[in-house]
Amino acid sequence: MAYDYKQIEKKWQEIWERKGTFYTKNDTTLPKWYGLVEFPYPSAHGLHVGHPRSYTALDVIARKKRREGYNVLYPIGFDAFGLPTENYAIKNKIHPKIVTEQNIENFTKQLKSFGFSFDWSRCVDTTDPNYYKWTQWIFIQLFKHGLAYKTTMPINFCTGCKVGLANEEVVSGECERCGSEVVQKEKSQWMLKITEYAERLINDLDEVDYLEKIKLGQKNWIGRSEGAEVKFEIKGSSEEHLQVYTTRPDTLFGATYMVVAPEHSLIETLKDNITNYNELVEYRSQAARKSDFERTEIAKEKTGVEIKGIKAINPLTNEEMSVWISDYVLITYGTGAIMAVPAHDERDFEFAKKFGLPIKQVILPPNEQNETGDVLGPLEEPYVDVHNGIMVNSDFLNGLVPNVAIKAATDFLEEKGLGYKKVNYKLRDWIFSRQRYWGEPIPIVHCDKCGYVHLPEESLPLVLPEIEDFEPGENGESPLAKLDSWINTTCPTCSGPAKRETDTMPQWAGSSWYFLRYVDPDNDKELASKEALEYWTAIDWYNGGMEHTTLHLLYSRFWHKFLYDIGVVPTKEPYSKRTAHGMILGSNSEKMSKSKGNVVNPDDIINDYGADTLRLYEMFIGPFDQATPWSMDSTKGCFKFLDRVWNLQEFLIDGNTYSEELEVSMHKTIKKVSSDIEEMKFNTAIASLMSLTNEFYRLKRVNKAELQTLLQLLNPFSPHIAEEMYEIVGYDKTIAETPWPVYDESKTIDSMIEIPVQINGRVKGTVTVALDSDEATLKTVIHEELKELLSGQNIVKEIYVKNKIYNIVIK
RNA sequence: GCGGAUGUGGCGGAAUUGGCAGACGCGCUAGACUUAGGAUCUAGUACUUCGGUGUGGAGGUUCAAGUCCUCUCAUCCGCACCA
């Protein structure tokens, strides 16, 4: 009988659904295991082959954990608010809600066709008011605790469409759709104070098991640095001064000019003193057209304008310094102003060269030091090493190494009241407003009397109003701003007239806590019950893409920590373990994209080869954490393997124990597959299953006990075929109800082994000896074996690494 | 620019972490078989002048290096309003 994957997969998916095989048990006495994958954004394109890489991986692990006796929670849901759906809706004149419904329906059908062991009864959808009610509730808690505030932040504004744009929609300074110029436009926006959690977000990484590169990525993103904030007086102005953050207070004597961001408030406050105000404003509007990324590009030529009419005073030398504006200084980092030390900073150096500003060397590199230590030629390039060199031209710092000078300089500044020690972070607060329709409404009203007031919690959810016209408003406003009936409301505090917030939340909101909802998805009293949270959190294993390292993963950790602080969740960290999968590329090794025509549709693979083949290939394709190109031929190879397994039925003989020739192989394979799954080395786990199958073919027979084990090990990867064959072989239980196979360590070792023999590091032969043979025995055997090669040679040394290798050194 | 990765046959990759480089799969070659199929089975397959040579390149440490050290080249990914 041929391998009829279509019939087999349909049959088992129906059985699993009917019996509720993978529904999570409500038994909290069992040990639990909570595996999580990133829930998909239900786009109109459907799933791509990247999704099942992560989903299959944790499905494999979940299926193994269940059979090891764990109560497993392996849920799925939909992250359904977001920009692409809204844009699609506008373009095709369909309500985003309808689009979302259709997409979710399609995604569900697709996901079910893979045979994933999700507990579908716990499916969540971030656009469901019963779900976003709690997203809004969390926002209110943040607001009540002073972690949500409003401030003016720039948005990308398309001068053509008159709407706000996402960064992704801006292509080299132009609107992706209409090609008009995009400028930065100031807007009042809701912000979340993630920076308040910066220190804990770094420190608590010590308590979790994340891939090292993920921890590193988060630490670098948060960008903690220790330095000093220094106050620079402005000549002729007693109230205004410049506040500067520097990690290198040791170089303060070398600061020869200052640079502030074009957006710096100083330009407005000292407008009357400034003689070239118009020139500065012009430069600022130029800078507004560039992204931060473009502005800080070191390769580009530095630009800038001197602020004429004002001077700053170096607090240590009391010298006058010119003040400039330049776009390489960002208003969002530090204080938006820097002291420039051109001799010891690359960008400052370049800037100084271009504008002919003084360069004063204050650190002498070690190789240039002479007896006097004061011979300073013109610098070819800036010298930036903090660990080597010696301070010069720096008064009381002279003779110190920079590292020591940093502390000395900071202490001095603190003593004299000129500055103070400060920890700074690159991490910025989270811009939480979107001028969009398809997001959670922000449950805040503005009352002229009471200011910003949150809605009463019992009034939630604040349902997104059904509107006809969800096109963006004029001047970058949210579509909701056009809806007077929505905007005008009463203040919950004073009952006076008030206006609703018209911006919505970013997509990140719903995904920052969805894993909590899975544990108790239908609760309408709390976001989840205490008992359920107590039992299920923290998540035991979370797998997802590397691209989420710095945003989703940090945002959700931040929210979780906040919820911990207010007593809602019992753990400090949401995820005990985090791993990441590599991207699946097109067969030409480029990122899959419609325009390149290299997209592989999983539906086609399932249709042509079946879900079992797709799952197997996704796990076999290459090392799990690395990017790998898709290959249609290799997909076929996986199908061929399953077909070979299917045809083992022809060789099947009776036998309740492993046969003698296969015993070691059986135990070795169980060991290898078990440990490889835990380490996510799926590709080699499958390779060992293939090898075992090849052995069965070589012997032209397999007994029931051996086939049973093979099917049990194959089951997590290709569950349908494994279950079907298990049933055919005649077991009354399904594999899903069967414990994971065990191995005997003593039976994984061969009694005779082959030892390679090297002469001067080159393999010249091998000898087969009993395991753990002693060196003397081995030496006799080897010298007999390699008699000819060794005769007349001067043997200098012989090295034996037990059970590994034997090396003879001759001269 | 900042940050994170990766370089091994024709291709995807493996290598017990310093111990026989190329497991497993694809592709290719030859043979067998046949209800001529998307077949299947068996054997072979890094290069080679058969001495050797080979893990992006150049040095080094070691009895022994894909693995450790120094320098260097190339490619890919992320960068805060895509998710």
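We name chains A, B, ... by the order of the sequence lines, and we start the count at 1 in each one.
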Side-chain N or O of [X] versus OP1/OP2 of [N]: is the shortest distance under 4.0 Å?
| X | N | result |
| --- | --- | --- |
| Lys591(A) | rG78(B) | yes |
| Asn694(A) | rG25(B) | yes |
| Lys797(A) | rC63(B) | yes |
| Arg644(A) | rC41(B) | yes |
| Lys640(A) | rC26(B) | yes |

For [X], answer base if it contacts any base atom (sugar-phosphate contacts may also be present), sugar-phosphate if it contacts only those atoms, and nothing otherwise; contact means non-hydrogen atoms under 4.0 Å.
| X | result |
| --- | --- |
| Gly217(A) | nothing |
| Phe696(A) | nothing |
| Pro84(A) | sugar-phosphate |
| Lys700(A) | nothing |
| Gln758(A) | base |
| His552(A) | nothing |
| Ile621(A) | sugar-phosphate |
| Val801(A) | base |
| Leu216(A) | sugar-phosphate |
| Leu83(A) | sugar-phosphate |

Check your understanding: Hey, does the side-chain of Asn167(A) have a donor or acceptor N/O within less than 3.5 Å of a partner on the base of rC81(B)?
Key ->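 Not at all, since no donor on one side and acceptor on the other fall under 3.5 Å apart.
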
Review point. Hey, does the side-chain of Gln189(A) have a donor or acceptor N/O within less than 3.5 Å of a partner on the base of rC81(B)?
Key: yes

Proximal nucleotide (of [options]) relative to the [X] side chain:
| X | options | result |
| --- | --- | --- |
| Arg434(A) | rG19(B), rU40(B), rC81(B) | rC81(B) |
| Tyr41(A) | rG19(B), rA80(B), rA83(B) | rA83(B) |
| Gln435(A) | rC81(B), rC26(B), rG12(B) | rC81(B) |
| Leu427(A) | rA80(B), rC63(B), rC81(B) | rA80(B) |
| Ala166(A) | rG12(B), rG19(B), rC82(B) | rC82(B) |
| Trp508(A) | rA80(B), rG3(B), rA83(B) | rA83(B) |
| Val763(A) | rC20(B), rA15(B), rG13(B) | rC20(B) |
| Thr684(A) | rA14(B), rC26(B), rA80(B) | rA14(B) |

Revision key, fill the gap. With syn defined as a glycosidic angle within 90 degrees of 0 and anti as anything else, the base of rG13(B) is anti

Practice item. Could you check if the base of rU6(B) is syn or anti? Syn means the glycosidic torsion is within 90 degrees of 0. Key: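 Because its glycosidic torsion lies more than 90° from 0, rU6(B) adopts the anti conformation.
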
Check your understanding: Do Arg644(A)'s NZ or CZ and the ring of Tyr697(A) fall within the cation-pi criteria of under 6.0 Å and 45°?
Key -> yes

Point to revise | cation_pi(Arg578(A), Tyr542(A)) dist<6.0 Å, angle<=45 | key: yes

Practice item. Determine, for Arg436(A) against Asp503(A), whether the closest basic-nitrogen to carboxylate-oxygen distance falls under 4.0 angstrom. Key: no

Check your understanding: Could you give the distance from CD1 (Ile442(A)) to CE (Met505(A)), rounded to the nearest 0.5 Å?
Key ->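 It comes to 6.0 Å.
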
Review point. Which residues pass the side-chain contact (heavy atoms from CB on, under 4.5 Å) test with Lys671(A), sequence neighbours left out?
Key: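 Tyr743(A), Glu745(A), Thr748(A).
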
**Study point:** Consecutive-pair stems (3 or more, Watson-Crick or G-U, under 3.5 Å) for RNA chain B
**Key:**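 RNA chain B stems, ordered by first number: B:1-7 with B:73-79, B:10-12 with B:24-26, B:27-32 with B:40-45, B:56-60 with B:68-72.
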
Review point. Are the aromatic rings of Tyr5(A) and Tyr609(A) close, with centres under 6.0 Å apart?
Key: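 Not close enough - the centres of the two rings lie 6.0 Å or further apart.
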
Check your understanding: Are the aromatic rings of Phe81(A) and Tyr132(A) close, with centres under 6.0 Å apart?
Key -> yes

**Study point:** Most 5' of Tyr555(A) and Ile805(A) on RNA chain B, judged by nearest nucleotide
**Key:** Ile805(A)

